[in-house]
Amino acid sequence: MKKEELELIRKNTVDFIGADELYSRAQEGKPLRIKYGADPSAPDLHLGHYVPISKLKQFQDMGHTIVFIIGDFTASIGDPTGRSKVRKALSHEQIKENAKTYFEQVGKVLDLEKTEIRYNSEWSTVLSMNELLKMMAHFTLSQILERDDFTKRFSSQTPIFLHEFMYPLMQAYDSVAIKADLELGGSDQLFNFLLARELQIFYGQKPQSVLTMPLLVGTDGVDKMSKSLGNYVGLTEDSVQMFGKMMSIPDDLIIPYHQLVLQTNDSDLGEIKVNMQQGQNPMEFKLDLATKITEKFHSTEKAMIAREHFITVHRKKEMPDDIPEVSLDSPEPVKIYEFITDHNMAPSKSEAKRIIAGGGVTINGHKVSDPFTEVTFSKGDIVKVGKRKFLRIN
RNA sequence: GGACAGGUACCCAAGUGGUCAACGGGAGCAGACUGUAAAUCUGUUGACAGUGUCUUCGGAGGUUCGAAUCCUUCCCUGUCCA
C-alpha cells in the first residue's frame, strides 16, 4: 500500500482508527482482510448502502480481500442498532432468499469472484456456553449500555431485552473468527467495531482497524436513509422513479450526495458550492445530480429520458409520453370514484372520494370535484389523479 | 415475590360513561403557490354506503339503554422494593 492509497481511503470517512497500524500491516505484502457485515433482513439495497460498499470497492481494486459477512445468526437475534424497538427475528428460508437478492445487487458494485462470502452462523452456532461466558466476562454492563441507542432506550424507559446485549458481542466475535484487519461500515457501527478490537486482543489477535463512513441522509432530509422510514432511493429502482426521488431531496443535501454517492472531486464540489452561494438556482444542480446518479445506476439514455419526463410532468405540468393505458370495457357511464379505485389509482373508495373532493382529479385537464359524477369515457380520454398518476382510455 | 405507573389509529400523544371514528403534533395524501416531488400556506387522513351502517382504543368476558372510559380475568412494558 502506498501513502496516496491511504489518503484515498481516508477520503469522505468519519473515523479511521488504527490507520497507522493498518498501513504498516499492509507493508507485509499480504492482502488485507476487510470485514463488512450485512444484515440480511433488508434485501433492497439503497444509496445509503452504496456509500460503504463503494469504499469496499476501493479496497478491492487495491487487491485486498473483502470478507462479506451475512449475519444470518445475528439476524435471528435482531440488531438493536439505531432502533427504538426490538427487531423481528427472521426465518432461515427468508434469510437465504434475502442474501441471494442482496448479492445480485452488490454484484453491480463489487467483483463477487474476488469476494469472500461467509455466514456467521458457521462459527456462532457452535460457540459453547463456556466460551460465550468467557467472552461476556470481559465486558461490563455499563460498557454495553454506553452505546447511544441503548442509552436512549434506557432513559426513555423502553424495553431492552437481554439477547440484544449479546448482539455487539456476537458481531465482535465475527472479527475474531475471520481475523479481520479492518472493519468498515456506517458511523453508527463504531461502538460494535471498537468492541471487536478488544475481543480480538483477548483472543491474542492484532486488533482490527476501524473505518466508518458518514450516514447518508434520506430523501426527507431528516433521518438516515432507511427502508423502514421510506426515505430511501433503491439501487435497482426504476430510472424515472429514481430521478424523481432524487429531485425530492432538500437543497442542502445536494453537496453530501455528490460527495458520498458520486464521489465528486473537491474542485467540482467547490464550484457547485460557490455557484449556489452566488444565487444560482439549486434546482439546476439538483437536476444535474439526479441525472448523474440515475446514469450511474442505469444508463445515460435512461437518465436523459427520466430527466425529460420529470421536466415535462413536474415543471411544465404537461402529460408524459408514456401513460399507462386501459381499454374501455363498456360505453356505460361510471361513477368517477369507482373508476379510480377499480383502476388502482386510489387504495380505497373512501380515499378516492377524498382525493376527488380535494380537487386532485382531472379528466382531460378539467377538474372533477364531485365524487359521484357519472362519466362516460371515450377513446383518448386522460384521467389524472394527484400529481403523478395518469391513465389513458383506449 | 411485593408496591406503583402504563398499553389509544402509521408514529408520538390527549381523552376517565353518551356531544368519540376519538383533541393536538409528526408523517402521508391532495390543493394553492413556487425554483423541484424543496420551503410555506390550506384542506384531508378507518371501511363501506349518495349521509347512514359496520369495524377500531392490549386480549377475552361482564355491568349499562349506552363503554376507549366502570368491573372481572388474562397478556405485555416500565419504575421502585426484595
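Throughout, protein chains are lettered first and strands after them, A, B, ... in sequence-line order, and every chain is numbered starting at 1. Both backbone and side-chain heavy atoms feed into the values below; hydrogens, waters and symmetry mates do not.
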For residues 376-389 of chain A, which side-chain N or O atoms pair as donor and acceptor with protein atoms under 3.5 Å away, sequence neighbours left out?
{"residue": "A:D381", "atom": "OD1", "partner": "A:N364", "partner atom": "ND2", "Å": "3.0"}
{"residue": "A:D381", "atom": "OD2", "partner": "A:S378", "partner atom": "N", "Å": "2.9"}
{"residue": "A:K389", "atom": "NZ", "partner": "A:M345", "partner atom": "O", "Å": "3.4"}

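In this structure, A:Y337 reaches the sugar-phosphate backbone alone: every heavy-atom distance under 4.0 Å involves primed, P, OP1 or OP2 atoms, never a base. Among the heavy atoms of the strands lying under 4.0 Å from A:S348 are primed sugar atoms or P, OP1, OP2 only; no base atom is included. Across all strands, A:K389 comes closer than 4.0 Å to no nucleic acid atom at all (heavy-atom distances). Residue A:E351 is classed as a sugar-phosphate contact, given heavy-atom separations below 4.0 Å to backbone atoms only. A:G244 comes within 4.0 angstrom of a base, heavy atoms only. Among the atoms of the strands shown, base atoms are found under 4.0 Å from some heavy atom of A:P282. Counting any heavy atom pair closer than 4.0 Å across all strands shown, A:K387 reaches sugar-phosphate atoms only and no base atom.
Of the possible polar contacts, none joining the A:D174 side chain to the A:N120 backbone as a donor-acceptor pair under 3.5 Å is found.
Summary of the strand contacts: A:I160 and A:V240 both lie near RNA chain B, and taking for each the nucleotide with the nearest heavy atom, the more 5' one is attributed to A:V240. Across the interface with RNA chain B, nearest-nucleotide mapping of A:V385 and A:R388 shows A:V385 to be the residue nearer the 5′ end.
Using Watson-Crick or G-U wobble geometry with both donor-acceptor distances under 3.5 Å, B:U69 finds no partner in any strand shown. Nucleotide B:G24 forms a Watson-Crick or G-U wobble pair with B:C12, both donor-acceptor distances falling under 3.5 Å. Across all strands shown, B:U64 has no partner, as no Watson-Crick or G-U wobble contact with both distances under 3.5 Å is found. Using Watson-Crick or G-U wobble geometry with both donor-acceptor distances under 3.5 Å, B:A5 finds its partner in B:U77. Pairing for B:C57 is absent, with no Watson-Crick or G-U wobble pair whose two atom distances lie under 3.5 Å. When both distances must be under 3.5 Å, the Watson-Crick or G-U wobble mate of B:A30 is B:U42. As the counterpart of B:U19, no nucleotide is assigned, since no Watson-Crick or G-U wobble pattern has both distances under 3.5 Å.
Look at A:S350 and you'll find a side-chain N or O under 4.0 angstrom from OP1 or OP2 of B:C48. Taking only side-chain nitrogens and oxygens, A:K349 never comes nearer than 4.0 Å to OP1 or OP2 of B:A47. At B:A47, one or more side-chain N or O atoms of A:R354 fall inside 4.0 Å of OP1 or OP2 (strictly under the cut-off).
Across the C1' atoms, B:C71 and B:G17 are found 13 Å apart, a figure rounded to whole Å. The gap from the C1' atom of B:A37 to that of B:C29 amounts to 12 Å, rounded to the nearest Å. Comparing B:G15 with B:A68, their C1' atoms sit 8 Å apart, to the nearest whole Å. Straight-line distance between the P atoms of B:G31 and B:C20: roughly 31 Å, to the nearest whole Å. B:A67 and B:G62: their C1' atoms are spaced 12 Å apart (whole Å). Nucleotides B:A14 and B:U8 are separated by 10 Å at their P atoms, to the nearest Å. To the nearest whole angstrom, the two C1' atoms, one in B:C41 and one in B:A60, are 48 Å apart. Spacing of P atoms, B:U44 relative to B:G26, comes out at 15 Å, to the nearest Å.
A donor atom on one side chain and an acceptor atom on the other are found under 3.5 Å apart for A:T300 and A:E295.
Cation-pi geometry between A:K335 and A:F372 is not satisfied (NZ or CZ under 6.0 Å from the ring centre, within 45° of the ring normal).
Nearest nucleotide to the side chain of A:F310, out of B:U77, B:A38, B:U36: B:U36. Closest contact between the side chain of A:K367 and the listed nucleotides B:G31, B:C29, B:A38 involves B:G31. Side chain of A:I355, nearest nucleotide from B:A47, B:G35, B:C29: B:C29. Comparing B:A37, B:A38, B:A49 against the side chain of A:K286 picks out B:A38 as the nearest. With B:A37, B:A32, B:G35 as the choices, the nucleotide that has an atom nearest any side-chain atom of A:N281 turns out to be B:G35.
In this entry the distance linking CD1 of A:I356 with C1' of B:C29 reads 14 Å, nearest Å. Across the protein-nucleic acid pair, A:R307 atom CZ and B:U36 atom P stand 13 Å apart, rounded to whole Å. Here the C1' atom of nucleotide B:G50 and the CG atom of A:D370 are 9 Å apart, to the nearest Å. Atom pair A:I293:CD1 and B:U36:C1' shows a separation of 15 Å (rounding to whole Å applied). Residue A:M283 contributes atom CE, which lies 13 Å from atom C1' of B:A37 at whole-angstrom precision. B:A39 atom C1' lies 14 Å from atom CG of A:L253, rounded to whole Å. A:M247 has its CE atom 14 Å from the C1' atom of B:A39, to the nearest Å. Going from atom CG of A:D220 over to atom P of B:G26 covers 15 Å, rounded to whole Å.
Using a 4.0 Å cut-off between charged nitrogen and carboxylate oxygen, A:R33 and A:E116 count as a salt-bridge pair. Using a 4.0 Å cut-off between charged nitrogen and carboxylate oxygen, A:K11 and A:D266 count as a salt-bridge pair.
Side-chain contact between A:T212 and A:F16 is absent, with no heavy atoms from C-beta onward closer than 4.5 Å.
Separation of the A:Y50 and A:H46 ring centroids does not fall under the 6.0 Å cut-off.
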